[in-house]
Amino acid sequence: MTYDFDKLINRRGTHSYKWDSATDADILPLWVADMDFATAPVITDALRKRVDHGIFGYTKVPHAYYDAVVNWFKKRHKWSFSADWILYTSGVVPAISAIIKALTLPGDQVIVQGPVYNCFFSSIRNNGCEIVSNSLVYRENHWNIDFADLEQKAANPKARVLLLCNPHNPVGRVWTKEELTRMGEICLKHHVRVIVDEIHCEIVPPGKNYTPYGSLSEELMHNAIICNSPSKAFNTAGLQIANIICDNAETRNRINRAININEVCDVNPFGVVALMAAYTDEGAAWLDQLNSYLYSNYQWLCQYMAAHLPQLKVSPLEATYLAWIDCSALAQDAHTIAQHLLEHNHVWVSEGDIYGQEGDHFLRVNMACPRSRLAEGLQRIAAGIAELQAEQATQH
């Protein structure tokens, strides 16, 4: 079956966080990581059947749910684990917050790798912990890990957790098996636990695969807790379902207690149904076509940028549907650029400094939309950048 990702769907007036947050109806949103595509028909069909039942009480998660998670990762990502390792919750961010609560005490340090997903910061602060950045190294438009710095920061007795983004949001890296192993060994050596956010693991270009952290070795998995969800890949974030994978029974019990303390232990019946439908062969076929379309959008964006905004650099994309764009050739910082684009050109992009100081001269652009919508957004961005450069020229 062929799926149509070019179809324009009007999302205004649907209480969409992405589309209805702006008061100006002319704003084109290319910011929050939420796709403008309808989800896979296999999911819609399953949800429709569930709606037809007409009763939506408290949900008991069935054995088939756990089997779906286990079988999906075994078949698609060659990672085998036991259904007993799975804890479900309402989202990856609540999962991360609960795990940090379970593994740390106020005043402990949590290491992140900036620039990184901004909700990491609130999860750490809300648990009374200190944020320490093992900043990624940016050189010649590529992002890499500073292993010497990670070793130094993991050796601090206050360091308890490395919060790892795999694949990485916003820089779009898929960490290699060698990179993941080296990070894991450093953390194991210094008794630092690894929390791995793998929510973007399904959004990879054709022919590219991510390495599940849990597949590295038994020893490294025993020191790690993995978080994943079908929500990014299948555009079901509003259905609120995610999983925590942990092979350590004692740690799992502590996390389960934290999930209950944070009161994110009950899940949406539609989220359960959606996951079981997504993690099937039909869901996989839809996902493969989605990834091909998204990568074509990325290639189209790169061509447009090279032709119309050659002074800006797009980071190579190995995963996610988020273009990470270096604007350091411009005089203005990311906040100024993003505000100008929003106020004057009516296009909403994410300013890089919300992901840490390392993103101060970057913009993040969501490419998960029909190409005609992406084209319109890029035209608005190009017009805004031209205005900023004209203003700069007149000031000099």
Side-chain angles (χ1 to χ4, degrees), residues 66-88 92 95-96 98-100 102-104 109-113 116 120 134 136 143-157 159-169 173-204 207-229 242-256 279 318-319:
Y66 299 95
D67 291 343
V69 177
V70 170
N71 293 336
W72 176 266
F73 280 91
K74 182 178 181 180
K75 184 174 183 178
R76 192 166 181 90
H77 301 297
K78 309 298 186 292
W79 174 30
S80 297
F81 53 86
S82 170
D84 295 337
W85 297 4
I86 300 172
L87 295 171
Y88 59 80
V92 166
I96 290 169
I99 298 166
I100 292 173
L103 300 184
T104 67
Q109 293 181 348
V110 176
I111 301 169
V112 298
Q113 294 172 311
V116 75
F120 282 7
N134 165 228
L136 299 179
W143 295 86
N144 292 293
I145 297 159
D146 186 339
F147 289 104
D149 182 71
L150 177 59
E151 180 94 43
Q152 180 182 7
K153 285 169 176 167
N156 189 317
R160 289 290 179 268
V161 166
L162 168 65
L163 185 45
L164 172 64
C165 205
N166 174 47
H168 193 282
N169 170 22
R173 276 296 316 273
V174 171
W175 304 120
T176 65
K177 183 177 182 179
E178 292 72 25
E179 288 170 320
L180 292 170
T181 299
R182 190 171 175 187
M183 284 189 282
E185 289 174 346
I186 288 171
C187 289
L188 191 64
K189 173 183 174 182
H190 296 290
H191 308 288
V192 172
R193 303 296 289 273
V194 184
I195 304 173
V196 194
D197 173 2
E198 296 193 347
I199 197 170
H200 290 278
C201 70
E202 309 294 352
I203 308 295
V204 293
K208 184 80 177 179
N209 294 302
Y210 101 106
T211 299
Y213 188 94
S215 69
L216 298 175
S217 71
E218 288 186 15
E219 186 179 34
L220 293 183
M221 178 63 212
H222 203 57
N223 193 51
I225 303 96
I226 318 299
C227 303
N228 55 46
S229 170
N243 295 297
I244 299 166
I245 317 295
C246 177
D247 73 341
N248 185 317
E250 179 185 354
T251 301
R252 201 163 57 243
N253 287 336
R254 289 169 62 187
I255 295 169
N256 192 41
Y279 287 171
E318 299 175 350

So, taking the atom named [atom1] in [X] and the one named [atom2] in [Y], what distance separates them when rounded to the nearest 0.5 Å?
X	Y	atom1	atom2	answer
Ser80	Lys75	OG	NZ	13.5 Å
Asp247	Ile86	CG	CD1	12.5 Å
Asn253	Leu87	CG	CG	8.5 Å
Leu188	Arg193	CG	CZ	10.0 Å
Asn228	His200	CG	NE2	12.5 Å

- Message: Suppose we screen for side-chain hydrogen bond (donor to acceptor under 3.5 Å, both in side chains). Which residues come up paired with Asn169, at least two apart in sequence or across chains?
- Response: Arg364
- Item | Residues forming a side-chain hydrogen bond (donor to acceptor under 3.5 Å, both in side chains) with Asn243, sequence neighbours excluded | Tyr65
- With sequence neighbours left out, what residues match Tyr88 under ring pair (Phe, Tyr, Trp, His ring centres under 6.0 Å)? none
Within a strict 4.5 Å, meaning less than it, do heavy atoms of the [X] and [Y] side chains meet?
X	Y	answer
Ile186	Phe147	yes
Leu180	Leu164	yes
Cys227	Ile96	yes
Gln109	Lys153	no
Ile226	Met221	yes
Val194	Met183	no
Asp146	Leu136	no
Phe120	Val110	no

Please find the pair of heavy atoms, one from [X] and one from [Y], that lie closest to each other, and give the distance.
X	Y	answer
Gly184	Tyr213	CA-OH, 3.1 Å
Asn223	Val192	ND2-O, 2.8 Å
Asp197	Ile199	OD1-N, 3.0 Å

- Donor-acceptor pair between His168 and Glu318 side chains, under 3.5 angstrom: no
Check for a donor-acceptor pair, side chain of [X] on one end and backbone N or O of [Y] on the other, with a separation under 3.5 Å.
X	Y	result
Asn166	Pro212	no
Trp175	Cys165	yes
Asp67	Ala83	no

- Evaluate side-chain contact (heavy atoms from CB on, under 4.5 Å) for Leu103 paired with Thr251, printing each intermediate quantity in order. CA-CA 8 Å; Leu103 300 184; Thr251 301; 3.9 Å; yes
- What residue among Trp85, Phe73, Tyr210 forms ring pair (Phe, Tyr, Trp, His ring centres under 6.0 Å) with Trp79?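 It is Phe73, the one option of Trp85, Phe73, Tyr210 that forms the ring pair (Phe, Tyr, Trp, His ring centres under 6.0 Å) with Trp79.
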- Query: Which pairs, with at least one residue in residues 207-229 and sequence neighbours excluded, count as a salt bridge (Lys or Arg N to Asp or Glu O under 4.0 Å)?
  - Reply: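 Of all non-adjacent pairs touching residues 207-229, none passes salt bridge (Lys or Arg N to Asp or Glu O under 4.0 Å).
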- Any pair counted as salt bridge (Lys or Arg N to Asp or Glu O under 4.0 Å), so long as it reaches residues 76-85, sequence neighbours left out: Arg76-Glu202, Arg76-Asp288
- Item | side-chain hydrogen bond (donor to acceptor under 3.5 Å, both in side chains) pairs, two or more places apart, involving residues 177-188 |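 Qualifying pairs, neighbours excluded: Arg173-Glu179, Thr176-Glu179.
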- Apply side-chain contact (heavy atoms from CB on, under 4.5 Å) to Gln113 and Leu162, showing your working. CA-CA 9 Å; Gln113 294 172 311; Leu162 168 65; 4.3 Å; yes
